[in-house]
Amino acid sequence: MPDDTALIPDVHEATSAPDARTHLGCRLRGMSWFVGAALLGLAARGVHLQIVHGAEHAARLEAASVKRVRLAPSRGVIRDARGRVVAENRVAVDAYVLPDRMLARPDEKVPRLAAALGLNDDERRRLRQKLDAVPAAKRDQFLLVRRDVDPERLLAIHDDRALSWIKLVERAGRRYPFGPLGAHAIGYMNEVSPAELAKDPSKRLGDRVGRTGVERARDRALRGTPGHAFVGVSSRVVVPAGREGTAPIAGHDVTLTLDMDLVRALDEAFDRHDQRKGAAVLIDVHTGRVLAMTSRPAFDPNLLDRGVAVPAAGSELDRALLQSEPPGSTIHPFTALAALASDRAAAEHPVECKGFYPLGRRLFRCTHSHGRVDLDHALAENCFVWLYDQAARLGLDAIVGEARRFGLGAPTGIEVGRELAGLVPTRAWFERADPGPFRAGHSLTAAIGLGVVRVTPIQLAVAYAALANGGTVRTPQIVVSDVPAPARQVDVPAADLARIRAALRARASELYGLQASGVAGTLGASDSREFFLMSTAYIEAEDAPPDDEPRARPIRMPETNGWFAGFAPADAPEVAIVVLVQGRSFADHRTASAIADDTLRAYFAGKERGSR
């Protein structure tokens, strides 16, 4: 019995072992087939991805790792008529900091930053106020601290590892080698505003555009066309394979008609005669090219580009284009031409000048008693009474019509930017005007360039150029172009123009301060108030009024505007010049002729040297 029980396990082992091995083999073979099928599927999927959709996935991968960046073009250079650079590009470096890092240790870092950037006490105080004013949510964004860091300070910051928290960012800047000279005509630049970004999708944040002068008028041509490149997101290197991008197209260079030597001569003449406020224009009478133009006070566009200064009060105004004032006696030639065109016989008839002209209960004064005066002597001796008489007979519209034909009271169209139209009023204007209605005295004051008459220096320069060249009114040019300036011819007899030029030459020969030879022109003095149209009790005249009139008593004359308008040489005119000085008394309005004389002598001296 024991032997039988012992054999039971042996018999069981012998009969069950083959079945277990068979089952395990089946499981292994199944797993092998499953793994093989999975690998085969992965391989098939890989082949499908690589071959069928390989290009598509490669493009997606590249798009995810490559960024398209905009390449700013180089701005065009501006040169004067002799090829000298007046506006060029430069690289500027601005300094930024993170407010949260500064405010973590402000007592330590603010002084170090101020010392590194050369901030004065006031700038240092404003910096601390600016840092404290940054909202908590924006303290991890860079804050501009100093524009246009000085190159010597840049080197010191780069060499000092302890100042690594100051971030230095390069940007495109602009340099104006002549500083304030011709600044209003050349203009300046600054960054686009959010409103401009919304209007023009071609502009980007940080772009800089011309704001005034030629920088603004020719901004699109100077700006050029942006390009683009592809940059790796991680390495910030250009990805070359099939992604070359496009190179930016540099802006076009611009050549001005201005001669900076003449602009300097104008500027120095204003300084020499202690004149801080006014404007002047020198123009070629045959081409309309503006050879020199200035406006005082001036500003330095380099300071505006660096963002470290704001123009002084009044210096941003281009008084050559945007200052309209009564032209005074400089309008007399056009009044005389109107008289000849309207009633030649009456214009040739002499008038007796006793120093005043009666109109109703009012007296309109003259500079002094001239005696018997005709047209030629009226212009040569600056007699108002002859002009008053013509205006009283012909009426306002006939008098101002000739001035309008020569371009007064309308924009000239010069390619610099906005300009004032001025005002040469007709009778209908007075009827619509708020002070209204029209009065006969308005004709008289308009005839001598006073009252509400307003012109700009550039308008008067164009008009006098037309007097000099035979009646051709040209649009003034400040940018050199192969296309002639638009022009129109005023229908006026050549003999009448020759007569006016001769009278202006006789007038110029009597003016103080004119030493240049062969100048034709006249002075003008004016005040914005209509002080000639007032009761005889408030008229100051050198000659006593009639016995039945109230006795004249002096009035205190306010500061006035002084003009000089003319051309040279008188026999064969080449250039016309207009000078406006402001804030002078009547006794000092000769300053305008002295400034004109200095400028004309500089022009002819340069011509003798062969420089123009």
Where do Phe564 and Leu511 land on the side chain to side chain contact (heavy atoms under 4.5 Å, CB included) test, with the steps shown first?
-> CA-CA 10 Å; Phe564 176 83; Leu511 295 180; 3.8 Å; yes
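- Taking the side chain as every heavy atom from C-beta outward, Val351 and Val373 never approach each other to under 4.5 Å.
- Proximity of Trp563 to Leu523: side-chain heavy atoms (C-beta onward) are nowhere separated by under 4.5 Å.
- Side chain to side chain, Tyr176 and Glu88 fail the donor-acceptor criterion of an N or O pair below 3.5 Å.
- Side chain of Asp267 to main chain of Val263: no donor-acceptor pair is present (N/O by atom type, distance under 3.5 Å, no hydrogens or angles).
- Checked by atom type and distance alone, the side chain of Thr257 never pairs as donor or acceptor with a backbone atom of Ala81 at under 3.5 Å.
- Of the inter-residue distances, the one linking Asp80 atom CG with Ile186 atom CD1 reads 8.5 Å to the nearest 0.5 angstrom.
- Between the OG atom in Ser295 and the CD atom in Gln323 there is a gap of 8.0 Å [rounded to 0.5 Å].
- Here CG of Leu580 is found 13.0 Å from CZ of Arg296. Values are rounded to the nearest 0.5 Å.
- Proximity of a side-chain donor or acceptor of Arg289 to a complementary backbone N or O of Ile478 within less than 3.5 Å is not detected.
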Might you work through the side-chain hydrogen bond (donor to acceptor under 3.5 Å, both in side chains) test for Glu316 and Tyr188, ending with a clear yes or no?
-> CA-CA 11 Å; Glu316 73 282 0; Tyr188 71 94; over 6 Å; no
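- With His286 contributing its side chain and Asp284 its backbone, the two residues share no donor-acceptor pair below 3.5 Å.
- Side-chain contact check for Arg84 versus Asp261: some heavy-atom pair is nearer than 4.5 Å.
- Here the side chains of His368 and His370 are in contact, with some heavy-atom distance below 4.5 Å.
- Distance alone, capped at 3.5 Å, places no donor-acceptor pair between the Asp318 side chain and the Leu322 backbone.
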Would Leu408 and Val462 count as a side chain to side chain contact (heavy atoms under 4.5 Å, CB included) if you check the C-alpha gap in whole Å, the side-chain angles of each, and the deciding distance to 0.1 Å?
-> CA-CA 9 Å; Leu408 299 182; Val462 169; over 6 Å; no
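- Note on ring orientation: taking the six-membered ring where Trp is involved, the planes of Tyr464 and Phe567 are tilted (angle from 30° to 60°).
- Within the 6.0 Å centre-distance limit, the rings of Phe406 and Phe334 are counted as a close aromatic pair.
- Taking 4.5 Å as the limit, some side-chain heavy atom of Leu337 sits within range of a side-chain heavy atom of Leu467.
- Going from atom CZ of Phe438 over to atom CD of Glu431 covers 8.0 Å, rounded to the nearest 0.5 Å.
- With Arg405 contributing its side chain and Val400 its backbone, the two residues share no donor-acceptor pair below 3.5 Å.
- Only one option out of Tyr357, Tyr388, Phe356 pairs with Phe364 in a ring-ring contact (aromatic ring centres under 6.0 Å, His included); it is Tyr388.
- Panel note: side chain Gln459, backbone Ala421; a donor-acceptor pair is recorded below 3.5 Å.
- No donor-acceptor distance shorter than 3.5 angstrom exists from the side chain of Asn302 to the backbone of Arg175, with no hydrogens or angles considered.
- In this structure, CG on Asp274 lies 4.0 Å from CZ on Arg276, to the nearest 0.5 angstrom.
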Working for side chain to side chain contact (heavy atoms under 4.5 Å, CB included), residues Glu510 and Glu381 = CA-CA 9 Å; Glu510 301 296 327; Glu381 300 175 19; over 6 Å; no
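- Using a 3.5 Å distance cut-off with no hydrogens or angles, the side chains of Asn382 and Ser329 do pair a donor with an acceptor.
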Assess whether side chain to side chain contact (heavy atoms under 4.5 Å, CB included) is satisfied between Ile414 and Glu419, documenting all intermediate values.
-> CA-CA 8 Å; Ile414 186 172; Glu419 59 174 318; 3.8 Å; yes
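- Surrounding CZ of Arg272 are more than 12 heavy atoms belonging to other residues, nucleotides or ligands, all under 6.0 Å away.
- For CZ of Arg216, the number of neighbouring non-hydrogen atoms (other residues, nucleotides, ligands) closer than 6.0 Å is 12 at most.
- Thr335 and Gln390 form no side-chain donor-acceptor contact under 3.5 Å, judged by distance and modelled atom types alone.
- Summarising the local packing, CZ of Arg418 is surrounded by 12 or fewer heavy atoms from other residues, nucleotides or ligands at distances under 6.0 Å.
- Donor-acceptor pairing under 3.5 Å is lacking for the side chains of Thr591 and Gln275.
- Under the 4.5 Å side-chain criterion, counting only non-hydrogen atoms from C-beta, Pro326 is not in contact with Val453.
- Counting only N and O atoms by type, the side chains of His273 and Asp598 include a donor and acceptor under 3.5 Å apart.
- Here the side chain of Arg79 pairs no donor or acceptor atom with the backbone of Val254 at under 3.5 angstrom.
- Taking 4.5 Å as the limit, some side-chain heavy atom of Arg218 sits within range of a side-chain heavy atom of Glu415.
- Electrostatic pairing of Asp271 and Arg264 does not count as a salt bridge here, judged by no charged N lying under 4.0 Å from a carboxylate O.
- In this structure the side chain of Leu600 reaches within 4.5 angstrom of the side chain of Leu282, judged on heavy atoms.
- For the pair Asp376 (side chain) and Ala503 (backbone), a donor-acceptor distance under 3.5 Å is absent.
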